[in-house]
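Here the structure is a predicted model, which means the values were calculated and not measured. Numbered from 1 within each chain, the chains take letters A, B, ... in sequence-line order.
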Protein chains: 2
Amino acid sequence: MAQHTVVVSRSTLKRLPLYLHLLEKLQAEGVETISCTYIAKEFDFDPTQVRKDVEATGEVGTARIGFRVAGLTDKIKEFLGWNNAHDAFLIGAGNMGKALLGYKDFEKYGLNIVAAFDKDPKKVGAKIFGKEVMPLSKMPALVKRMHINIGIVTVPAEHAQAAVDALIDAGVKAIWNFAPAPLKIPEGVILENARLTQSLAVLTNNLTRVLKP
Amino acid sequence: MAQHTVVVSRSTLKRLPLYLHLLEKLQAEGVETISCTYIAKEFDFDPTQVRKDVEATGEVGTARIGFRVAGLTDKIKEFLGWNNAHDAFLIGAGNMGKALLGYKDFEKYGLNIVAAFDKDPKKVGAKIFGKEVMPLSKMPALVKRMHINIGIVTVPAEHAQAAVDALIDAGVKAIWNFAPAPLKIPEGVILENARLTQSLAVLTNNLTRVLKP
DNA sequence: GTTTTATCGAGAAAAAAGTATCGATATAAT
DNA sequence: ATTATATCGATACTTTTTTCTCGATAAAAC
Ligand SMILES: NC(=O)c1ccc[n+]([C@@H]2O[C@H](COP(=O)([O-])OP(=O)(O)OC[C@H]3O[C@@H](n4cnc5c(N)ncnc54)[C@H](O)[C@@H]3O)[C@@H](O)[C@H]2O)c1
Ligand SMILES: NC(=O)c1ccc[n+]([C@@H]2O[C@H](COP(=O)([O-])OP(=O)(O)OC[C@H]3O[C@@H](n4cnc5c(N)ncnc54)[C@H](O)[C@@H]3O)[C@@H](O)[C@H]2O)c1
């Protein structure tokens, strides 16, 4: 099977999961084929944009019909790397950390959080949703032994850089960071920030503009 | 004071919180002035881009010096609507809901989650981080009485549309949605999706491309 | 069987976002 | 005092992203 290593824009990459969520809903309803026109209407996008996004995944459609829901689902998942699970470690078993540890659907998104690490001795030793919380000191050896590629950072902002450094030192290839702090990483390592504050900024800015005309 | 009701791109809006996080760090360190060149270096952006983003907030700088950290912080906060707190209700006191209810820093970001609602009788009546969990049936009257503008949705995807409909019916003006479901809202209401899966998609796609060259 | 219609896919056009250039200016160095 | 330098802010330019147009095609309608 030809691997699609097409490089696409971040914008495209971020629309693909939206399509996937819709496709999953449709599949559950027994729908078999879907057109880009339909997908576009659902999100108020341009149909051509959806077509170009879909093109990146390598799936081809048929005129007048569109795309097979199952086929497109598969291609998007493959393209996003959601077909086989990536093991991950989580640093910071606090409120956000707990929520992530308990999120069953990550399985659908190719993410498998294997264990958590915390510097607080009171948290160490416990199990959260069946996942062990261990002391930070055990992390480096385990990253190497278990070939962990992804580190999830849910520590307070002022400790985020330290956590990231430790993870990268240990050999992690990608960081998923939830702390609102500007982080420095070496060349070659992937840093992705899950910044809720960015989303909130868009909301509150829009809201204030609507409320004060 | 002149209110800045400039409409800016979503991209700009999402970079502003980044600058703010940096400014807060600098302010804590006692730094008084900052140049766009410096900010740009920190995030690996173009200095001109930072200048344009900053321009949107209405803050003016001085040549050779840059911007006052305090002044810029203030203007960004004002522009984002983070200077005065917006009251919000949260629907779905599960794992993610709990994390949000316990997040102290929302205060800094102009968000004040007042109470939570859940349909599970076992959750109703409890207090989570000092915030009451109430039955959904009480929500509409309270939205009206307390003039709540923001509804936060942290229910499972299949119940998200119902939660959103109920909130909007009750009079909420803006929805912050965490469920991975395509939602329909009427004209005039603001919908902002905090989609962790989008961020994860970028990460896993990049990672698979790095791992399989 | 012919026409109509909905869709894809490719390429062109338009719009938006990002980047470079340059004069003005405020400070520091000579 | 003069020169050098770092920065802003305005404008011009470039690149990227989005949208439009159109021919090809597969199914449905007539
Ligand atoms: N809770 C939310 O809703 C929310 C929302 C947006 C962003 N965030 C961000 O996510 C991060 C975590 O937030 P939270 O609410 O879970 O905080 P929290 O205080 O509940 O949890 C932080 C955890 O990290 C641990 N920790 C601290 N320093 C550590 C270190 N150096 N190594 C390992 N563990 C360490 C603490 O012991 C604690 O268990 C913060 O950066 C926060 O800003 C949280
Ligand atoms: N936990 C995470 O890390 C995470 C990450 C990304 C997205 N999400 C999304 O956030 C949402 C919540 O996730 P979670 O992990 O907190 O789930 P959860 O199952 O822990 O919590 C859901 C809560 O919503 C309540 N609920 C269900 N239907 C309701 C309704 N109609 N009205 C009011 N309350 C209702 C349930 O009683 C429960 O308390 C989901 O849509 C999930 O996909 C969660």
Q: Check the pair A/I148 / A/L142 against side-chain contact (heavy atoms from CB on, under 4.5 Å), numbers first and verdict last.
A: CA-CA 8 Å; A/I148 302 292; A/L142 284 170; over 6 Å; no
Q: Within the pair B/R51 and D/dC8, is there a side-chain N or O less than 4.0 Å away from OP1 or OP2?
A: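 For D/dC8, OP1/OP2 do have a side-chain N/O of B/R51 under 4.0 Å.
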Q: Please work out which residues in residues 8-17 of chain B have a non-hydrogen atom less than 4.0 Å from an atom of DNA chain D and list them by number.
A: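 Contacting residues: none.
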Q: Closest approach to the side chain of A/T48, judged atom by atom: which nucleotide of C/dA10, C/dT7, C/dG18 is it?
A: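 Per side-chain heavy atoms of A/T48, the pick is C/dA10.
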Q: Rounding to a whole Å, what distance do you find between A/D46:CG and D/dT16:P?
A: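 Value for this atom pair: 21 Å.
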Q: Between C/dG9, D/dA12, C/dT7, which one does the side chain of A/V60 approach most closely?
A: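 Minimum distance to the A/V60 side chain belongs to C/dG9.
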Q: In whole Å, what is the span from the CZ atom of B/R64 to the C1' atom of D/dA6?
A: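 In whole Å, D/dA6 C1' and B/R64 CZ are 5 Å from each other.
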Q: Establish, from distance only, whether the side-chain atoms of A/Q49 and A/D53 form a donor-acceptor pair under 3.5 Å.
A: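 Per modelled atom types, A/Q49 and A/D53 side chains form no pair under 3.5 Å.
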Q: Is it the case that the side chain of B/Q161 and the backbone of B/K184 share a donor-acceptor pair, with hydrogens and angles ignored and the cut-off at 3.5 Å?
A: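 Yes.
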Q: Map B/I65 and A/G61 onto DNA chain C by nearest heavy atom, then report which one ends up closer to the 5' terminus.
A: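 Upstream on the strand: A/G61.
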Q: What is the distance, rounded to the nearest whole Å, between atom CG of A/L72 and atom C1' of C/dC8?
A: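 Distance, rounded to whole Å: 13 Å.
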Q: Going by an N to O cut-off under 4.0 Å, is there a salt bridge joining A/E158 and B/K25?
A: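 No, no charged N to carboxylate O under 4.0 Å.
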Q: Just how far, in rounded Å, is C1' of D/dT7 from NZ of B/K52?
A: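 These atoms are roughly 17 Å apart.
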Q: Judged by atom type as modelled, is there a donor-acceptor pair below 3.5 Å linking the side chain of A/N205 to the main-chain atoms of B/F79?
A: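 A pair under 3.5 Å: yes.
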Q: Would you say C/dT7 has OP1 or OP2 under 4.0 Å from some side-chain N or O of A/S35?
A: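 So the side-chain polar atoms of A/S35 do come within 4.0 Å of the phosphate oxygens OP1 or OP2 of C/dT7, strictly under.
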Q: Would you give the length of the straight line joining atom CD of A/E59 to atom CD of A/E78, rounded to the nearest 0.5 angstrom?
A: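 So the gap between those two atoms works out to 10.0 Å.
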Q: To the nearest Å, give me how far apart CD (A/E55) and P (C/dG11) are.
A: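 After rounding, the gap between these two atoms is 10 Å.
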Q: Whole angstrom is fine here: how far is it from CZ in A/F45 over to P in D/dC20?
A: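 It is 15 Å, rounded to the nearest whole Å.
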Q: Using whole Å, what does the distance between atom C1' of nucleotide D/dC8 and atom CG of B/D53 come to?
A: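 Whole-Å distance recorded here is 15 Å.
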Q: Given atom CD of A/Q49 and atom P of C/dG9, what is their separation to the nearest angstrom?
A: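 Rounding to the nearest Å, CD of A/Q49 and P of C/dG9 are 16 Å apart.
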Q: Specify the closest pair of heavy atoms between A/T204 and B/W82, including all atoms of both residues, with the distance to one decimal.
A: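 Shortest heavy-atom contact: OG1-NE1, 2.8 Å.
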